[in-house]
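Below is one structure, written out as structure tokens; comments come after it.
In what follows, every heavy atom counts, from backbone to side chain, and hydrogens, waters and symmetry copies are set aside. For the single chain, residues carry numbers from 1 onward in sequence order.
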Amino acid sequence: MKVDVKRMSERIAHDRSVSDYEVWRALKAVNDELHEIESQRDPIPIDLVFARAILRRAQQARGCA
């Protein structure tokens, strides 16, 4: 599985049908999920790590972070 974090985050950052608030809420949901997994000492799914990276970069590219 190859995830192109840069390309995916740029797509989200430039997609005006997705609001800054929606990006922020998605990132918050991912962070909340990661926190819950960590608190239970379960293995962290790599998909969540990639999702967080993509959303953070998209948020930064929009100038919201």
Out of curiosity, [X] [atom1] to [Y] [atom2], how far, rounded to the nearest 0.5 Å?
{"X": "R25", "Y": "L55", "atom1": "CZ", "atom2": "CG", "answer": "12.5 Å"}
{"X": "N31", "Y": "L48", "atom1": "CG", "atom2": "CG", "answer": "10.0 Å"}
{"X": "L27", "Y": "I54", "atom1": "CG", "atom2": "CD1", "answer": "11.5 Å"}
{"X": "H35", "Y": "K28", "atom1": "NE2", "atom2": "NZ", "answer": "10.0 Å"}

For [X] against [Y], the heavy-atom pair lying closest together:
{"X": "A13", "Y": "A61", "result": "CB-CB, 3.6 Å"}
{"X": "I44", "Y": "I37", "result": "CG1-CG2, 4.0 Å"}
{"X": "E36", "Y": "S39", "result": "O-OG, 2.8 Å"}
{"X": "S17", "Y": "E22", "result": "O-OE1, 3.7 Å"}

- Query: Are V30 and I46 connected, step by step, through hydrophobic side chains (Ile, Leu, Val, Met, Phe, Trp, Tyr) whose heavy atoms are closer than 4.5 Å?
  - Reply: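 The answer is yes; both residues are in one hydrophobic cluster.
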
- Query: Any link between L34 and V23 through a network of hydrophobic side chains (Ile, Leu, Val, Met, Phe, Trp, Tyr) touching at under 4.5 Å?
  - Reply: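 Cluster IDs for L34 and V23 match.
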
- Query: Got a sec: does the CZ of R41 have more than 12 other heavy atoms crowding it under 6.0 Å?
  - Reply: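 For R41, atom CZ is not crowded (no more than 12 foreign heavy atoms under 6.0 Å).
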
- Message: With a 4.5 Å cut-off on side-chain heavy atoms, are R62 and V18 touching?
- Response: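 Yes. Closest side-chain heavy atoms under 4.5 Å.
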
